[in-house]
Amino acid sequence: HDTVPMMARAYPGFRHAMLAWLALPVGNEHLALMGILEYPLLVLSTYVLAREFGVARMVAFAVGFAAASTPVALGGFSTQGNDIALAIYLTAATAMTLRFLRSGLAGDAAMSAIALAALTASKFSGPSYCVLVLFACLLGGGARRFLSMRILAVYVGCLSLIAAPWSKGR
């Protein structure tokens, strides 16, 4: 039972909070295998990102499975590292931010903000990835969508509630 607290001190990240949550019912962090969740989530997040770029459904599924079947991804599923989780958060944050910029809906803004917060809290380099995602998405246009006080409140609220507690040790 010592591994999760040690990992939380070494890597104060969002993924490790999920690992601790999964370890609670079984009482052992070695049985909380994140790869079982991460493999389908990597396929799904890559699929959604490909669809945001207008890729056909079957091709997007192929892209998702191709991303999840690379040697790096397959190796990451058997370890407790957080590189696969980072890839999931990065693709999800990019896809959801693009979706929000296209639709302008508050619900899409909340999904984008949650994904960006998870990305920010995932690693020490998370905040820089968050800035890069926002910058790249805003280059495509739609910056005016962020000018609404309601939308800004959604982003600030999600980033504060999700990312701020895990960024304390940085």
Side-chain angles (χ1 to χ4, degrees), residues 11 13-19 21-22 32-148 150-152 154-159 161-163 166:
Y11 304 100
F14 188 69
R15 181 187 186 277
H16 299 97
M18 291 182 5
L19 180 64
W21 180 73
L22 287 172
L33 300 174
M34 291 292 290
I36 295 169
L37 297 174
E38 288 176 339
Y39 187 84
L41 286 174
L42 182 59
V43 172
L44 180 64
S45 65
T46 307
Y47 167 81
V48 170
L49 182 60
R51 292 290 293 156
E52 282 300 312
F53 283 106
V55 175
R57 282 188 183 139
M58 292 309 290
V59 176
F61 270 122
V63 168
F65 282 111
S69 65
T70 61
V72 172
L74 290 174
F77 293 127
S78 61
T79 66
Q80 292 292 13
N82 64 353
D83 293 328
I84 302 302
L86 181 68
I88 293 166
Y89 306 146
L90 181 65
T91 54
T94 305
M96 294 299 119
T97 303
L98 289 171
R99 179 171 290 174
F100 162 66
L101 290 175
R102 190 182 69 244
S103 73
L105 298 173
D108 289 338
M111 291 299 294
S112 168
I114 290 168
L116 286 166
L119 178 63
T120 300
S122 64
K123 277 184 115 167
F124 292 114
S125 57
S128 59
Y129 286 120
C130 179
V131 169
L132 287 173
V133 166
L134 284 172
F135 183 72
C137 290
L138 290 175
L139 278 178
R144 70 185 192 305
R145 300 255 193 227
F146 284 98
L147 298 179
S148 161
R150 181 174 151 205
I151 297 302
L152 282 174
V154 167
Y155 273 89
V156 170
C158 287
L159 285 167
L161 291 173
I162 296 171
W166 302 109

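Every value quoted in this text rests on a predicted model; they were computed, and no experiment measured them.
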Would you indicate whether the side-chain heavy atoms of [Y] and [X] approach each other to under 4.5 Å?
| X | Y | result |
| --- | --- | --- |
| L98 | F53 | yes |
| R102 | E52 | yes |
| L74 | Y39 | yes |
| T91 | V48 | no |

Starting from the C-alpha separation in whole Å, work towards a yes-or-no answer on side-chain contact (heavy atoms from CB on, under 4.5 Å) for L101 and L138. CA-CA 8 Å; L101 290 175; L138 290 175; 4.1 Å; yes
At what distance, to the nearest 0.5 angstrom, does [atom1] of [X] lie from [atom2] of [Y]?
| X | Y | atom1 | atom2 | value |
| --- | --- | --- | --- | --- |
| D108 | S103 | CG | OG | 3.5 Å |
| I84 | L42 | CD1 | CG | 6.0 Å |
| T120 | Y89 | OG1 | OH | 11.5 Å |
| M96 | L49 | CE | CG | 9.0 Å |
| L119 | I88 | CG | CD1 | 12.0 Å |
| F61 | L44 | CZ | CG | 8.0 Å |

Provide the closest heavy-atom pair for [X] versus [Y] in the form atom of the first, atom of the second, distance.
| X | Y | result |
| --- | --- | --- |
| P40 | L37 | CD-O, 3.4 Å |
| A67 | A73 | O-CB, 3.5 Å |
| C130 | L116 | SG-CD2, 3.8 Å |
| A106 | R150 | CB-NH2, 3.0 Å |
| C158 | A117 | O-CB, 3.7 Å |

side-chain contact (heavy atoms from CB on, under 4.5 Å), that's the test. Do M111 and R99 meet it? Break it down for me. CA-CA 9 Å; M111 291 299 294; R99 179 171 290 174; over 6 Å; no
Kindly say whether T94 contributes a backbone atom to a donor-acceptor pair with the side chain of T97 at under 3.5 angstrom? no
Who passes side-chain contact (heavy atoms from CB on, under 4.5 Å) against A136, sequence neighbours left out? none
Taking atom types as modelled, is there a side-chain donor on Y155 or S112 under 3.5 Å from an acceptor on the other? yes
Before you tell me yes or no, could you show the steps for F100 and L105 under side-chain contact (heavy atoms from CB on, under 4.5 Å), namely the whole-Å CA-CA distance, both residues' side-chain angles and the distance that decides it to 0.1 Å? CA-CA 6 Å; F100 162 66; L105 298 173; 5.9 Å; no
